[in-house]
Amino acid sequence: MFPTLAASVFTIGIAGLFFFDREQARVSKALWIPTIWLFFGSSRSLGEWLGMGGTNEIANAYLEGDPIDRNFLIVLQVIALIVLINRGRRVGPILRRNWVIGLFFLYAALSMAWSDYPFVTLKHWIKGIGDLMMVLIVLTEPSIAGAVKRLVTRLGFVLVPLSLLFIWYYPSLGRTHTMDWTPEAVGVATQKNGLGELCDIFGLALLWRFRNTYNDRKDPNRRRRLLVLVAVLAMIVWLLHLCNSMTSICALCMAGGVMLLSTRPAFRRRPAFLHLLIAGVIVCTMYALFFQSSGALIQGLGRDATLSGRTDAWPQFIKLVNNRLVGVGYESFWLGNRLQEVWEITQGLKINEAHNGYIEVLLTLGWLGEGLLGVLFATGYRNVIRAYRSDPDANSLRIAWFLAVVITGLTEAAFRMMGLPWIVFLLATAAAQWNAPRETGLRGRPTWQLQRTHEGPCSVLEEAVVRRQYTG
């Protein structure tokens, strides 16, 4: 099939996915803002999509950035800020309940004081705040679960088929070569692990949709929705086979298994079983990666015990940090002469991440940042479990995303700005209920029936405020 004809077929196919999965549930138009943000965060920058960007060959180029991307993201953030100002009454309580996230970003801002590149740190911090703004837009939607469902559907139904199109019919876009000229599939991403993370995160979300759709026997369009979801999930499985990103494959299998088990009656009745299951998955993963001296489990997955040389390089990276208590500054390690030194350590392999999210935070924000990340994990896990107890079906995805990011962070930089794992981690662990409205009124709008959560029932005044905010 000719590439042009294939592109036409895939375009019709993507349109068909949306057509057969159409529904009456409504979300605000503002949801397009995080959709666009995540589209570029999950794939390539705007400059690269336009053919005006690429991999910089000189370390100092990382100081400059791309003016096209910078201006585009600034406009997107300004629009997001306007939306959040209009939703101020809902944003304020969410920020107060999630003060730990605010503290993390405040410390990241303070790191400009000791950064070697304070202006670059400032620019990166602004992008990091953009991630938080996109999460807040989703969390201030009338139905958070409905907004998440629409968000992952829009992105998954486009990025997954598009990745297959690029790999099969546009290899100059969908494939790259390693240092030894071995071809590897990257799809819409820029490297195979990015494609793996895309498949992992959206695969879990679509599996969550599949499970909920399968259990919804009253949906007259249930069969066609299931067929659509099966088709996209099959594409994700094939993409993971092509890119062979073992971290993402393992994270998807383990987190997906926990998500499906979490809604079983035994786990609903006794959440302690869920704690043990999650702890067991994390402990087993860490043992296989770092504590099994023989490395048999890792080798059984087709990888060597050093994780392709990563474990040997991590101590060398840490030595380049002058003050390990506070780090070198938020998102400022991979810059200038320091980046050149890293490339010398890795024998010319031009990397710009530690391939470990926890070491990445140690490099940029030091042990203090590592401690704040630990607090984020502790409070986030508490929020996830509280929400799960309120509505296991709606909030099981939060457990899966939390676990997937924890596992991904062991071998990938999962907590970097504009990274898909980091954004979904903030979304999943924020203190907010994902309970979807049980009934709909005219034009698919929620009837705002009172729901009891762990924070207590809504008052009549609170109900009136939410109704007025949603109806404008």
Side-chain angles (χ1 to χ4, degrees), residues 38 42 145 148-149 151-152 155-156 160 193-212 214 229 232-237 239-241 243-264 266-268 271 273-289 297-298 301 356-358 376-378 380-385 387-389 391-415 419-430 434:
L38 272 171
S42 305
V148 170
K149 176 182 175 182
L151 182 66
V152 297
L155 292 168
V160 171
N193 292 324
L195 177 60
E197 290 173 2
L198 183 155
C199 293
D200 176 20
I201 298 301
F202 292 124
L204 289 171
L206 295 176
L207 183 62
W208 170 70
R209 279 206 56 198
F210 178 87
R211 193 271 319 279
N212 291 342
Y214 180 82
L229 293 171
V232 181
L233 286 171
M235 295 181 199
I236 288 175
V237 172
L239 284 173
L240 287 172
H241 169 72
C243 71
N244 194 27
S245 177
M246 195 53 62
T247 298
S248 298
I249 293 173
C250 293
L252 177 59
C253 293
M254 290 186 285
V258 170
M259 179 178 67
L260 295 177
L261 288 173
S262 68
T263 56
R264 304 300 299 171
F267 290 90
R268 289 174 185 263
F273 290 170
L274 182 61
H275 296 310
L276 291 175
L277 180 61
I278 293 173
V281 169
I282 295 175
V283 169
C284 290
T285 303
M286 294 186 65
Y287 172 75
L289 288 174
L297 290 175
I298 297 300
L301 296 175
N356 183 297
Y358 309 98
L376 271 178
F377 271 86
Y381 183 72
R382 178 200 62 192
N383 296 335
V384 167
I385 294 300
Y388 165 79
R389 289 173 176 170
D391 189 340
D393 292 324
N395 293 283
S396 58
L397 176 61
R398 300 174 70 171
I399 296 175
W401 273 352
F402 176 87
L403 185 56
V405 174
V406 170
I407 295 172
T408 301
L410 296 173
T411 59
E412 299 297 336
F415 313 116
L420 182 59
W422 173 239
I423 296 174
V424 300
F425 173 80
L426 293 177
L427 181 59
T429 59
W434 281 28

Practice item. Could you tell me whether the side chain of Asp200 and the main chain of Gly196 form a donor-acceptor pair under 3.5 Å? Key: no

Practice item. Go through the steps for Leu261 and Leu274 under the test side chain to side chain contact (heavy atoms under 4.5 Å, CB included), then give the verdict. Key: CA-CA 9 Å; Leu261 288 173; Leu274 182 61; over 6 Å; no

Exercise for review: Would you mind listing every salt bridge (charged side-chain N to carboxylate O under 4.0 Å, His left out) that reaches into residues 276-285, with sequence neighbours excluded?
Suggested key: none

Point to revise | With Phe402 via ring pair (Phe, Tyr, Trp, His ring centres under 6.0 Å) - residues at least two apart | key: Phe377, Tyr381

**Study point:** 4.5 Å side-chain heavy-atom contact, Val160 and Leu239
**Key:** yes

**Study point:** Thr408 side-chain N/O to Val405 backbone N/O, donor-acceptor pair under 3.5 Å
**Key:** no

Check your understanding: Nearest heavy-atom pair of Leu240 and Ile249: which atoms, and what distance?
Key -> O-CD1, 3.8 Å

Review point. Do Leu420 and Phe202 pass the side chain to side chain contact (heavy atoms under 4.5 Å, CB included) test, and can you show the C-alpha distance, the side-chain angles, and the key distance before you say yes or no?
Key: CA-CA 10 Å; Leu420 182 59; Phe202 292 124; 3.9 Å; yes

Exercise for review: Can you measure from CH2 (Trp401) to CE (Met259) and round to the nearest 0.5 angstrom?
Suggested key: 10.0 Å

Practice item. Compute whether any side-chain donor of one residue and acceptor of the other, for Thr411 and Thr247, lie under 3.5 angstrom apart. Key: yes

Check your understanding: Looking at NZ of Lys149 and CG of Leu397, how far apart are the two atoms once the value is rounded to the nearest 0.5 Å?
Key -> 12.5 Å

Review point. With a 4.5 Å heavy-atom cut-off, do Phe425 and Ile201 have their side chains touching?
Key: no

Review point. With a 4.5 Å limit on heavy-atom distance, are the side chains of Phe267 and Pro392 in contact?
Key: no

Study note, to complete from the structure: The complete set of salt bridge (charged side-chain N to carboxylate O under 4.0 Å, His left out) pairs with one or both residues in residues 392-408, sequence neighbours excluded, reads Arg268-Asp393

Point to revise | Partners meeting side-chain contact (heavy atoms from CB on, under 4.5 Å) with Met254 (sequence neighbours left out) | key: Cys250, Val281, Thr285, Ile407

Practice item. Evaluate whether atom CZ of Arg382 has more than 12 neighbouring non-hydrogen atoms of other residues, nucleotides or ligands under 6.0 angstrom away. Key: yes

Point to revise | Asn356 side-chain N/O to Leu410 backbone N/O, donor-acceptor pair under 3.5 Å | key: yes

Check your understanding: CG/Asn212 to OG/Ser396 distance, rounded to the nearest 0.5 angstrom?
Key -> 6.0 Å

Check your understanding: Between Ile236 and Gly203, which heavy-atom pair has the shortest distance, and what is it?
Key -> CD1-CA, 3.5 Å

Practice item. Please answer whether the main-chain N or O of Ser262 pairs with a side-chain N or O of Tyr388 as donor and acceptor at a distance below 3.5 Å. Key: yes

Practice item. Give a yes or no on whether the backbone of Gly380 and the side-chain of Thr429 come within a donor-acceptor separation of less than 3.5 Å. Key: no

Practice item. In sequence, state the C-alpha distance, the side-chain angles, and the governing distance for Phe210 and Leu206, and then conclude on side chain to side chain contact (heavy atoms under 4.5 Å, CB included). Key: CA-CA 6 Å; Phe210 178 87; Leu206 295 176; over 6 Å; no

**Study point:** Where Val406 and Tyr358 come nearest, the two heavy atoms and their spacing
**Key:** O-OH, 2.9 Å

Check your understanding: When you look at Leu252 and Cys199, which way does the side chain to side chain contact (heavy atoms under 4.5 Å, CB included) test go after all the steps?
Key -> CA-CA 8 Å; Leu252 177 59; Cys199 293; 5.8 Å; no

Check your understanding: What distance separates Asn193 CG from Leu198 CG, expressed to the nearest 0.5 Å?
Key -> 12.5 Å

**Study point:** Those residues that, when tested against Glu197, pass salt bridge (Lys or Arg N to Asp or Glu O under 4.0 Å) (two or more places apart)
**Key:** none

Review point. Is any side-chain heavy atom of Ser245 less than 4.5 Å from a side-chain heavy atom of Glu412?
Key: no

Revision key, fill the gap. Minimal heavy-atom distance between Gly156 and Val232, with the atoms involved, is O-CG1, 4.2 Å

Practice item. For Ala255, check side-chain contact (heavy atoms from CB on, under 4.5 Å) against everything at least two apart and list the hits. Key: Leu204, Ala400, Leu403, Ala404

Review point. Which pair of heavy atoms, one from Ala430 and one from Asn383, lies closest together, and at what distance?
Key: C-ND2, 4.0 Å

